[in-house]
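The sequence lines fix the lettering, A, B, ..., with proteins before strands; numbering per chain opens at 1.
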Amino acid sequence: MNKVYPWEKAVGREKRPVAFFVLLLFICFALFSSCASHLREAKLHYTQGQEYSRLYQTEEALGSFKNALQEAERVVSKHPSSQAYMLKGMAELKLKLWQSAEESFRLAHSHGFEKGEEWAQQVSLLGLALSLEELWVEESSLRIYIFLIQKSKLSPVTILAAERYTDAMLRKALRQEGKEREKLLASALKTAQKLSDGDLSCGFYHYLCSQILSHLADYGKSFESALMAKELGLPTEEVYRDNDLQIVYCYQKLKEELASKEWEGFQRKYMEWVKRWKWKGPETPSWQKERQR
Amino acid sequence: MPKSPLEKTVESGISFLSKIFPLQSYLYFPLLNASLFWAIKRTKEWKEKVFSWKVWLDPERVHVKPDDFILCFFKDHPALMRCFEPEVRKKDMASLRKSFVRLYPLLGLEDPFLSALFHQEMESGDYRKIVKEFDQKVRQAEEDINELKNQSQLIRGLKDFAGEMVSLNLELLSQEKVQKVIAEVIKKQIGSKNE
């Protein structure tokens, strides 16, 4: 005996193919909309993460990028597409999962995203430079960092390359003396300044400038850069605190260096900043324990 | 004298940790202090920060500070200056840099875990001991916690502790005072256990 399904009863024999088609369409639509909703969720989390990053709320940003990655993974497992792989790669990039990001961009390329190959290469180069640095192959890693700083359009790649490049250059400079040292510091500064000129709102580039300038004993400019960095925001609590201590250090050096009239003018303005930041004193940031000096 | 809500909460935190780490009481203060710090600071993703064993700040950045910054750091802390006066006077940068890398996260950046881990040495001003034992002690703490099978239970317990502490409106008290209470309660509890 043929089994009669409830929907057969409801629609009659002659309308069955149409009803079957409608049902199939409905299932497809449900599947598609579930996928589209995961993609939408992934985009939403990613955008939220970017917003948190912009406000330097690092932990919140990481949480959003993790959620974006989870949603993107769901989409690619069911309906792989260039958009889904690109989103997955971007989230992985933000979470510093370099190898996975490289793979995602390659897959995005194979699904039609033109720039996927180029992005994957840049991520791969960054991974290579980091490994070379670990193995003390300094010159080659520096060359890669410079290449990425100049060419990469992916901001997490550029920022990390800039950070590693600056640290490597400072390490090299500390081993040298005299003119050779100055040359290395000038070169590092030029690169960091170019980056901050290109993206004035990135507090981290100003922080790097401030660090290099203090090696050059230019405390006035180092102070200005650290102040810019503090006002624009910094990515982590530790960098934020280090930058505060850089401000205090510059203040102490300028106190030694400046002539009394110049110092008075500087100190007046400095105290206004101290008030604005709600510091405990000119040499004690709000987060720092007070101690006898 | 009746116990304050703060002391009671710290006691329950210690009681929880003593079940998980019966033999590693040296971890109580660093874990409770770091949980509290990050719970007040940030509400999300705090557990990653509690378990950030690496020295604060990218280790490279600590290594590449200018010589003068390092000298100022030592001169700026009277107790540190007393301890390292011979090296500061001779400008022995190799030795000072080595010590700076270990001391800057504690005394400069005030890392909540590390400063609690070396609380006793900091109190007694034994900074040379910190430098000498830093690597071994941090590695030991990392190993002891990583060896724990039930990591999620630890996270849950610390989160509960941090939640209770936050609900006590601790913003009204300075972080230093809260740290002092935690340290004192731990000292008392461990002391009475040992007697």
Side-chain angles (χ1 to χ4, degrees), chain A residues 52 57-67 133 160 163-164 166-175 181 185 188 207-208 211-217 219 222 236-246 248-253 256 280 283-293, chain B residues 34 37-50 52 54-82 93-94 97 100 104-115 122 125 174-180:
Chain A
Y52 284 133
Q57 294 176 352
T58 316
E59 278 73 32
E60 288 82 351
L62 283 178
S64 296
F65 291 133
K66 277 180 192 167
N67 287 336
E133 211 188 326
L160 188 66
E163 184 181 1
R164 304 304 288 227
T166 307
D167 286 345
M169 288 297 274
L170 290 179
R171 208 166 46 230
K172 262 180 96 174
L174 280 170
R175 291 199 299 263
R181 186 167 183 267
L185 291 171
Y207 164 79
L208 291 179
Q211 297 288 313
I212 303 166
L213 282 160
S214 73
H215 279 263
L216 286 160
Y219 303 114
S222 175
T236 60
E237 181 70 22
E238 48 268 46
V239 173
Y240 178 84
R241 287 187 173 196
D242 186 48
N243 189 63
D244 276 356
L245 295 178
Q246 181 74 16
V248 172
Y249 170 65
C250 292
Y251 168 81
Q252 289 169 336
K253 296 310 287 180
E256 288 169 16
K280 294 170 185 165
E283 296 180 30
T284 318
S286 50
W287 51 266
Q288 200 178 42
K289 278 182 202 153
E290 280 184 86
R291 59 173 184 268
Q292 281 186 322
R293 285 179 194 271
Chain B
F37 176 85
W38 288 109
I40 290 175
K41 200 92 198 147
R42 307 267 161 85
T43 48
K44 290 178 194 168
E45 298 293 323
W46 66 281
K47 75 173 181 189
E48 278 166 27
K49 284 290 181 183
V50 173
S52 64
K54 281 180 204 162
V55 180
W56 258 27
L57 207 63
D58 188 295
E60 272 313 309
R61 194 76 36 74
V62 183
H63 284 276
V64 296
K65 288 282 181 187
D67 287 352
D68 191 62
F69 186 94
I70 295 172
L71 279 172
C72 279
F73 170 74
F74 281 95
K75 286 179 187 166
D76 213 26
H77 292 73
L80 208 54
M81 181 62 192
R82 274 196 296 279
M93 289 318 298
R97 193 171 282 279
F100 172 81
Y104 185 62
L106 279 91
L107 292 154
L109 305 172
E110 296 183 8
D111 175 289
F113 184 85
L114 293 177
S115 56
M122 298 246 285
S174 76
Q175 200 191 325
E176 215 174 332
K177 275 182 193 160
V178 177
Q179 267 186 358
K180 215 170 169 185

Undergrad: Would you compute the distance between atom CD of A/Gln211 and atom CZ of B/Arg61 and round it to the nearest 0.5 angstrom?
TA: 6.5 Å

Undergrad: How long is the span from the NE2 atom in A/His215 to the CZ atom in B/Phe69, to the nearest 0.5 Å?
TA: 9.5 Å

Undergrad: Output the distance between atom CZ (A/Arg241) and atom OH (B/Tyr104), rounded to the nearest 0.5 Å.
TA: 10.5 Å

Undergrad: Which atom names give the shortest non-hydrogen contact between B/Leu109 and A/Trp287, and what distance separates them?
TA: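 So the minimum-distance heavy-atom pair works out to O-CZ3, 4.0 Å.
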
Undergrad: If you look at every heavy atom in B/Val64 and A/Leu174, which pair is closest and at what distance?
TA: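 The answer is CA-CD1, 3.6 Å.
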
Undergrad: Can you tell me how far the CD atom of A/Gln252 sits from the NZ atom of B/Lys75, to the nearest 0.5 Å?
TA: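 Between atom CD of A/Gln252 and atom NZ of B/Lys75 there are 10.5 Å.
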
Undergrad: Heavy atoms, side chains only, cut-off 4.5 Å: are B/Lys65 and A/Tyr249 in contact?
TA: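 No, too far: nothing below the 4.5 Å cut-off.
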
Undergrad: Looking at side-chain heavy atoms only, is the closest gap between A/Lys253 and B/Cys72 below 4.5 Å?
TA: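 Of all side-chain heavy-atom pairs linking B/Cys72 with A/Lys253, at least one is under 4.5 Å.
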
Undergrad: Which bit of A/Leu245 is near chain B, if near means a heavy-atom gap under 4.5 Å: side chain, backbone, both or neither?
TA: both

